[in-house]
Amino acid sequence: MTQIKPDEYGQLQPSRVHVPKAVTGRALLWSMTIGMIIASGVATVKAGIAQGRGPSTLPRIIRWSATTVASEHIHVAGAPDVPTIQLKVTLPPPPPVHQQRSLVIPFNERRAGNAAVDYLRALTVLPQLPREAAEVEKRQRELDEWLTVPLARLPLKQVQARCEEYAAAVFALQTGARRRYCDWQLDEYLDPEQTAFLLESSANYRHLLHIVRLRLRSHLARGDLEAAWQDWQTGLQFSRDVAQSPTVIRMLTGIALQTQMLHVAHDWMQHPKCFNLYPAFISLPRPLFDPAIALEGEAAFIRRSLPQPPELEQKVLSPPEALRLLTVCYGSVSRTQSTGPLVGVALAGYAAQQAPAARTELMQLGLDPKRVERLPDAQVVALRNVLLMRGLWNEVVQLFQLPYYRTQPVVLRLERKLTELTQRQDLVLTLYSQSVKSILKTYHAFHRLERLRALLQAVEAIRLYAFHHKGLLPENLEQITTVDVPQDPWTGKAFLYQRTANGFKLTALPEPPDTPQSGSSWTYEVVIVDQKP
């Protein structure tokens, strides 16, 4: 083993985080379901129909418009370099058992009531932004800087003044986080026409959480660990409640918020008065939130938007009625209610073009060939699209119930299938495929969050081992036996551990190049220093 010796660092220095410039306002674009992904393509489609372009041209137009937005996140997040997070820490002891803190708000501190009511109250008392765009940009630049500047350089007076502006909103947020349950009561809003409401509230919640993080940092800078811990609990609980909303849009927002609150650990680990956070990470639920709520809500959204298979299967529809249902399918996936004659004519031609292949696929799915032959073209295409996408949807949803490393063959197969579907000259099927792809991206984001939590817990397990062994670091992670060192949930194997001259590195390795989301990896480069009195 290597003895960690004092080095040139006289005091704890703030971390330096080297990451690609991936976390920007564009993240909100990615955190949308198909309605938002293809929003830019709808106008293009309408223009194409009005100009008389045939149905064979429309899929290519839609595919380009949809994938332009959807692929933007992949390009930014898939940077080849592994982000390195540098921390300079001491080896503090864990708190005594009777003083151990939980990052989950204890039951005896919770009060009766629905947290969602308080969260909505927080939005109603948000301070008004300045009218001048330049002043708004200045305030945002200041906030961004204050959330990343070393604690020692945090302008406490200015930060306190900014936080006081949001005192009422933060109080409502703190109150909500300590309620017994959270019911967003969004059932009536699971409709294509209500996505603007969902996005507006998500943006405001993001901004409010930034203020909570800023308050937390100011408390740490002043040495008020109790107040900082309460803010950390508040931010984590609030972000979990947002994630457990009945929409995928809100779930993705909640994942982003929880990621920010996990990154708060960097400030805590480097604080000279902070204890080891291993017991606190153990207190967090596994997984951090239940994704089933959002997935069930999204399924309800789809059911309201689409004709159901029984409606399409139970009888042979007339050609006009079948075309009406196919138009409903088109309107739902494009989030438009366009049912004019031009759309009908275009879809009728599209149905006639796609019907032969659709009949074959329905037979492959087990439907009676004689019955399939009697169905009009539009009914055949609508039924084929609904059944194919329902099967793909079910496969994607089941992925959330399995360890990430066990699902990669299924993910690759689904990716190939979705790519094949989007390459067809099939307007509705192309758009449906983009919808399922958005859920698949959510699946990766969900497990990326779990990977980050496991990595942070492993860092604290190593620090705990070194504390109990007088500064000696383990030769390998298997040597740590008194506490659990979580495995990498993406690989099912240990994180890559390497001792250095004055600390260690812990890496969540990139995925093989042939798997999706290969940019989801980090390295923690930890320097252990003596704590000066």
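Remark: the backbone N or O of Val89 is not paired with any side-chain donor or acceptor of Gln270 at under 3.5 angstrom. A donor-acceptor distance shorter than 3.5 angstrom exists from the side chain of Arg110 to the backbone of Ile105, with no hydrogens or angles considered.
Salt bridge annotation for Glu395-Arg413: present, with a cationic side-chain nitrogen under 4.0 angstrom from a carboxylate oxygen. Between Asp144 and Arg141, no side-chain nitrogen of the basic residue sits less than 4.0 Å from a carboxylate oxygen of the acidic one, so the salt-bridge criterion is not met. Looking at Lys493 and Asp488, no side-chain N of the basic residue comes within less than 4.0 Å of a carboxylate O on the acidic one, giving no salt bridge. A salt bridge links Arg101 with Glu226; the closest basic N to acidic carboxylate O contact falls under 4.0 Å. The residues Glu142 and Arg162 are annotated as salt-bridged, a charged nitrogen and a carboxylate oxygen being separated by less than 4.0 angstrom.
Judged by the 6.0 Å distance and 45° axis criteria, Arg250 is positioned over the aromatic ring of Trp184.
Ring centroids of Tyr524 and Phe504 are separated by 6.0 Å or more, keeping the two rings apart. A distance of 6.0 Å or more separates the ring centres of His210 and Tyr205.
Contact of the Gln457 side chain with the Val485 side chain is not registered, since no non-hydrogen atoms from C-beta on lie closer than 4.5 Å. The shortest side-chain heavy-atom distance between Tyr404 and His444 falls under the 4.5 Å cut-off. Looking at heavy atoms from C-beta onward, Pro130 lies in side-chain contact with Arg139 at the 4.5 angstrom threshold.
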